[in-house]
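To start, the structure itself, in structure tokens.
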Amino acid sequence: MTPVGSTLLGVPELPEVETVRTQLAPAVEGRTVEALEVRDPLWCSPAAPAELAAAVNGRRVERLARRGKYLIWTLREEVHLVMHLRMTGNLLLVDADEDSDERSYLRVRVRLDDGRRVLFVDPRRFGTGIVLLGDAALADYLAARLGIEPLTPEFSVDALRALAKGRRTPIKAFLLDQRRIAGVGNIYADEALFRARIHPFRETGTLKPRQLAALRDAVVESLALGIDSRGATIDDFRDIDGARGSFQDAFLVHRREGEPCPVCGRTIRKLRAAGRGTYVCERCQPRPRAARRAAPSGTSSKVA
DNA sequence: AGGTCGGCCTGGCAGC
DNA sequence: TGCTGCCAGGCCGACC
């Protein structure tokens, strides 16, 4: 079996989806989808599994692309199968003799014309799929949901400044809003804010140009590091312990509550921002004055 | 209209 | 020990 992607640790964000795309593309591009079997109707609701199959079956895969956290199968004649892994979705590439209906959490099976299968496995059933007919329909779908792609030249300091201007929302919520910047999730938001030395409660519109520049660089660096790290661990994915160590070591503050800050040694705290568990060094990332009176802590009661 | 919040979903685990 | 119930969070839709 060739495992592609993992959700053993953390939620698939841009780097993980990109890793999946990189690994999967050579196996599916140029192949024909013999059968799309959606075994869990929730996956494509409100559309019916048969509708998706009718649109997709028998078509050749021209390209596997990524936009934000979406994985896009572009088939012949502008048929687009758009997948989202959400929280616990995972894609596996397997041979026929490794495939079975008994596999736990199997939601979708894509049978290719070479006998191999791509399996969408998802314990929590948050993952989704939709078929969009026509390039315009795809463009509309993505444009309604996603903003700037952060690993492109379009993600400039000027662009970030324009997005941030006048916004009163906390910067963490801003980073998680896919309609502004596409692909940043909870992990990389924490990592980028730490690198840029910005507190997650900081009001977005009050950030100085220098801070916005630092944040832009930090987002790009964090995502790029995530892609590198993912690539490094994908090969020994079957070795759970090996994958785990390498993956977590890359993160500076995320999920490191109670540990010393890697820069200054102050204990990393867990807060709640934008409804998410949020990790911060409040010496490196000083809490903004306006937020100091707000609830000082989230789910954690123990603060060293 | 921009911002906030609950619902979706289930494995894992804290707490009784 | 075994059960209950809460937590995790990306995205969407309801609400203010």
Side-chain angles (χ1 to χ4, degrees), chain A residues 5-18 20 38-47 66-72 82-91 103-108 120-130 132 140-147 150 162-193 200-206 223 226 240 244 247-248 251 254-258 270-279 290-291 294-295 297-302:
Chain A
S6 161
T7 57
L8 288 177
L9 295 148
V11 171
E13 302 188 22
L14 187 155
E16 273 176 325
V17 180
E18 178 61 23
V20 167
V38 179
R39 305 176 78 247
D40 179 0
L42 182 64
W43 189 77
C44 59
S45 174
R66 178 194 58 76
R67 176 81 168 86
K69 303 174 198 171
Y70 289 90
L71 191 67
I72 304 158
V82 181
M83 296 180 171
H84 199 301
L85 301 173
R86 295 286 184 105
M87 300 291 297
T88 53
N90 196 6
L91 286 171
R103 181 183 293 273
S104 298
Y105 314 123
L106 176 61
R107 307 294 174 207
V108 177
F120 194 112
V121 178
D122 185 10
R124 295 268 289 279
R125 302 176 68 201
F126 272 30
T128 58
I130 186 174
L132 298 167
D140 289 349
Y141 183 87
L142 297 176
R145 290 163 176 78
L146 301 178
L163 287 176
K165 186 176 182 184
R167 305 225 77 95
R168 306 212 57 192
T169 194
I171 185 62
K172 170 107 187 207
F174 175 88
L175 287 176
L176 293 178
D177 186 344
Q178 304 297 296
R179 292 167 301 178
R180 315 290 174 197
I181 304 165
V184 178
N186 200 37
I187 294 170
Y188 292 94
D190 281 0
E191 293 298 299
L193 287 172
F201 291 168
R202 179 67 182 269
E203 198 174 297
T204 302
T206 68
L223 293 174
I240 292 172
R244 174 169 293 162
F247 195 64
Q248 280 193 330
F251 299 114
H254 192 79
R255 291 183 195 177
R256 293 194 180 278
E257 181 185 20
K270 182 178 184 181
L271 312 175
R272 182 156 286 266
R276 302 290 181 275
T278 299
Y279 299 83
S297 143
T299 55
S300 168
S301 56
K302 295 186 292 294

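Quick note on labels: first sequence line is chain A, next is B, and so on, each numbered from 1.
Following rounding to the nearest Å, A/N90 (CG) and C/dG10 (C1') show an atom-to-atom distance of 16 Å. In this entry the distance linking CZ of A/R255 with P of C/dC7 reads 17 Å, nearest Å. In this structure, A/L14 atom CG and C/dG10 atom C1' are separated by 14 Å, rounded to whole Å. The nearest whole Å value for the distance from the CZ atom in A/F174 to the P atom in B/dG3 is 10 Å. Rounding to whole angstrom units, CG of residue A/L85 and P of B/dC9 are separated by 18 Å.
Between the side chain of A/T204 and the backbone N or O of A/T169 there is at least one donor-acceptor pair closer than 3.5 Å. Using modelled atom types, one side-chain atom of A/D190 and one backbone atom of A/Y279 make a donor-acceptor pair closer than 3.5 Å. Looking at A/Q178, its side chain does come within 3.5 Å of a backbone N or O of A/V184 through a donor-acceptor pair. A donor-acceptor pair under 3.5 Å links the side-chain atoms of A/R66 to the main chain of A/G68, judged by distance alone. When atom types are taken as modelled, the side chain of A/T88 and the backbone of A/R124 share a donor-acceptor pair closer than 3.5 angstrom.
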_One character per nucleotide, please: for nucleotides 11-16 of chain C, 5' to 3', B when the base has a protein heavy atom closer than 4.0 Å, S when only the sugar-phosphate does, - otherwise._
BS----

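Between A/T88 and the phosphate of B/dG11, there is no side-chain N or O to OP1/OP2 separation shorter than 4.0 Å. For A/R125 and C/dG10, the shortest distance from a side-chain N or O to OP1 or OP2 is not below 4.0 Å. The shortest distance between the side-chain N/O atoms of A/R167 and the OP1/OP2 oxygens of B/dG3 is below 4.0 Å.
Under 3.5 Å, the side chain of A/R124 and the base of C/dG9 form at least one donor-acceptor pair of N or O atoms.
For A/P123, the listed nucleotide lying nearest its side chain is B/dG11; candidates were B/dG11, C/dG9, B/dC9.
Residue whose closest nucleotide on DNA chain B sits further toward the 5' end, between A/G166 and A/R107: A/G166.
As judged by a 4.0 angstrom heavy-atom cut-off over every strand, A/Y105 is placed among residues touching the sugar-phosphate backbone only.
Enclosure of atom CZ in A/R39 by more than 12 non-hydrogen atoms of other residues, nucleotides or ligands within 6.0 angstrom is indicated.
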